[in-house]
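Okay, structure first, notes after.
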Protein chains: 4
Amino acid sequence: MTSADLPAPTQPPVKRARRADAERNRAAIIEAAGTVFAEQGGTVDVREIARRSGVGMGTLYRHFPTKDDLLATVLEREFTSWLTAAHQAAEATEDPWEALTGFFEQTLAHQAGNRALVESYTATGGPPRVCAEYRDAFIDELRTRCLNAGLLRAGVTTADLVLLSASLSQVVQATGDSHPGQWRRLLRISLDGLRARNTEPLPEPEPEPEPTLHGEGDGGGDASAGD
Amino acid sequence: MTSADLPAPTQPPVKRARRADAERNRAAIIEAAGTVFAEQGGTVDVREIARRSGVGMGTLYRHFPTKDDLLATVLEREFTSWLTAAHQAAEATEDPWEALTGFFEQTLAHQAGNRALVESYTATGGPPRVCAEYRDAFIDELRTRCLNAGLLRAGVTTADLVLLSASLSQVVQATGDSHPGQWRRLLRISLDGLRARNTEPLPEPEPEPEPTLHGEGDGGGDASAGD
Amino acid sequence: MTSADLPAPTQPPVKRARRADAERNRAAIIEAAGTVFAEQGGTVDVREIARRSGVGMGTLYRHFPTKDDLLATVLEREFTSWLTAAHQAAEATEDPWEALTGFFEQTLAHQAGNRALVESYTATGGPPRVCAEYRDAFIDELRTRCLNAGLLRAGVTTADLVLLSASLSQVVQATGDSHPGQWRRLLRISLDGLRARNTEPLPEPEPEPEPTLHGEGDGGGDASAGD
Amino acid sequence: MTSADLPAPTQPPVKRARRADAERNRAAIIEAAGTVFAEQGGTVDVREIARRSGVGMGTLYRHFPTKDDLLATVLEREFTSWLTAAHQAAEATEDPWEALTGFFEQTLAHQAGNRALVESYTATGGPPRVCAEYRDAFIDELRTRCLNAGLLRAGVTTADLVLLSASLSQVVQATGDSHPGQWRRLLRISLDGLRARNTEPLPEPEPEPEPTLHGEGDGGGDASAGD
DNA sequence: CATGAATGAGGGTTCATTCAT
DNA sequence: AATGAATGAACCCTCATTCAT
């Protein structure tokens, strides 16, 4: 993933001299911000992040013109890395249902204890569009595999699955300290509700009010839990 | 302007009047706070509440020494009123499963759009102990009825149901504006996962880590979603 | 100027209790701000003003929601008090030309050393509309008196006089420390150029570009130096 | 990317190249700064200047140890070039009064729209000494020509003329957008006040207070508007 | 020497809480 | 007891200047 993987024998390693340092700072900021946002949520003092990154305020603001930009960046990275890992895990799993289960397990384990991440589900904006698209595509894949294998309840949409994961994430968050592991029970229950043996039709989703902002809504594969 | 202007010849003169006045103020504050917290969440400016209650800051702080105290009081009241209504509805319903379903429906309908209430699930603290106990007792009743009727999955605990309701509440909140009604699908899925036909055993809850703060947890009927 | 001047025997002196204090603070803020703005211009730290007023930041911002509001208020007050004094002096002066001269003298003496005031001529916005109108009306009066007495050069507009005063104010400012009194010479020169014995016609003012904001422009009595 | 890539066999090798490069940078900085300062005044972000010059911050600060130094340099250059042009124009004009008039016209036309230049009249410091001397000498020349031709009012000093030009410059600035051309009227008025037909003596300049900083001021040929 | 990233002291503004009236 | 003005510690962000590369 880093350019270290690519041999660059004939190129002058110039011009990236300062960039290296800056990149390290940027990384440090993102990492510190990730930690701090996860621990304390999106309302932390920016100074705290600067302090923990070991950089000055100016550096922080050079890299991220706004606190919200920083938060968005951090969330996007966490989203992406989570999705990547989840995707790989799912592809490595033969059994479709096991893949679905594993996805949820991984998701919840990953998001437990990340306050900012969970906050992002409630906050306006939600995950960045790109992530959401990627996520939806991936989840849709899982869904299709399970459907084709006759394992998934008829009528379950991608949006349902997305919402379910978001919903359970918040449970993980809420129970994280006092009842760790409790969420596995809920997950099992929900997944059992998704099994094909549940033949009752699901209630039709009401038509969306005004598609003012979110230009989705094809009725079948809709998603986007977080906005 | 004060009720002191009104002579109250036959009654113990001043004290009562004050009391009444104070009580009215307290009620006004709680009502306004309820509205405002529901609309804008727990981060609103206290002034907004004072303004809408028609009382001064001093009065507000006389009744509630802290913003958090006010919030806790408001939440407790909303919790209680919700539980009372839910309880009555449940008692009026013959069919146990219908009672359970109705409870969830009512809960989610009630909590949709109450930002502070939903926030309270994530925030440390959660609902006050008294409420939690009441709630747990009530839900346990629902659970037992369904169990006895052979409708509820074996091994489902009160805590599971509590968590489920909290979890779905957050979904309602998050999807409220963009996908209203979407939550009914999730609810159906979850409830189907709770049906007795699901015979797989649920994962055992791990033993609690350190009962540092919340001294509950009898192992079987434990609950308390919000801490 | 204070309500102490008005006897209020039959009214309850209630309800202004806190107001008195607040009013004193407000006055203190305005006075301190006046001083500080005059000394250092409009860029001073708000904290400095708070310090010199003896109030906290919150108090300052309670009275003036924005630094600019404070500045505007201060400027308006200074404008008004200056105009009032100038008006009275002019009315007390028989000779029209002497009235005009006195007005300029008073203006310049008053504005010498007030950085913020002079800055306001250059800054966008200028004096508040009301002040400008009052000022223009007053200057127009002076102008008419001189014209009727056959003392003022034909074709001189109110706007000319307004501009002249603004212009000389800046000279006073610029020369204040090093060449005090120097401005009197310029003033004399300018006034002599305004005398009726100068019979050459003045260049026509070009038509205004776009009357986007300032709804003036009757061609004859136009004014508004500061925008 | 540097000129070091170009071999310069027949010349003293490196040093000159550096010098040339540095000189080009310096010129670029000054030019960009001139534009930016003129457009936005002396408070612009130094980065803007660096960006427009195409040099890094370090280079900029190597050439000008302080933002103020850069500003001073820019102003000095603009002053000088303006004076040079004005001087030439004046020398090419036969009629002394026309020369004087032309000087003012040119000055005002030149300084209209140069925010920093006009700001410099109000700011402490003013134009650098050298410029002031040159300017004073030149204006004194104009003055003498007019005096000798019997066109200029008796007692008018160089300082008066300097101040007048500064004063009118600010008017131009202030009215530039809303009332363009308005300043010509004021200029005419002032010049008419300078004509020899005005025989009233001008008020004596008060003796200077303390020649703390600016050791000029012989009473007759004094000048220096900007401090 | 050039570069541009880093620094950090402010600057304007908000808001939970206190306190004089 | 009620009022609402006062408080001041934070908060987010900017920008002149320095410094490692």
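When reading the values below, keep in mind they use all heavy atoms of this one structure, side chains included, and skip hydrogens, waters and symmetry mates. In what follows, chains are A, B, ... by sequence order, proteins preceding strands, each numbered from 1.
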Would you say [X] places a side-chain N or O within less than 4.0 Å of OP1 or OP2 belonging to [N]?
X: D:His63; N: E:dC1; answer: no
X: D:Asn25; N: E:dA2; answer: yes
X: D:Arg62; N: E:dC1; answer: no
X: C:Tyr61; N: E:dT14; answer: no

For this session: Specify the closest pair of heavy atoms between B:Gln40 and B:Val44, including all atoms of both residues, with the distance to one decimal.
Result: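 Of all heavy-atom pairs spanning B:Gln40 and B:Val44, the closest is CB-CG1, 3.1 Å.
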
Exercise. Can you name the nearest heavy-atom pair linking C:Glu39 to C:Arg52, along with the distance?
Worked result: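 Where C:Glu39 meets C:Arg52 most closely, the heavy atoms are OE1-NH2, 2.8 Å.
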
For this session: Would you state whether a donor and an acceptor, one from the side chain of D:Arg47 and one from the base of F:dA16, lie under 3.5 Å apart?
Result: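 Check passes, donor-acceptor contact within cut-off.
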
Problem set entry | Protein-nucleotide distance (C:Ile29, atom CD1; E:dG12, atom P), rounded to Å |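 Spelled out: CD1 on C:Ile29 to P on E:dG12 is 15 Å.
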
Exercise. To the nearest angstrom, how far is A:Arg24 atom CZ from F:dT21 atom P?
Worked result: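 Those two atoms, CZ and P, are 8 Å apart.
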
For this session: Could you work out which one of E:dG12, F:dT17, E:dC15 sits closest to the side chain of B:Asp45?
Result: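 For the B:Asp45 side chain, the nearest candidate turns out to be E:dC15.
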
Exercise. Of D:Gly54 and A:Gly56, whose nearest nucleotide on DNA chain E comes first from the 5' end?
Worked result: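 The residue mapped nearer the 5' terminus is D:Gly54.
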
Exercise. Within a reach of under 6.0 Å around CD of D:Glu48, are more than 12 heavy atoms found that belong to other residues, nucleotides or ligands?
Worked result: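 Yes - once you tally the heavy atoms of other residues, nucleotides and ligands closer than 6.0 Å, there are more than 12.
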
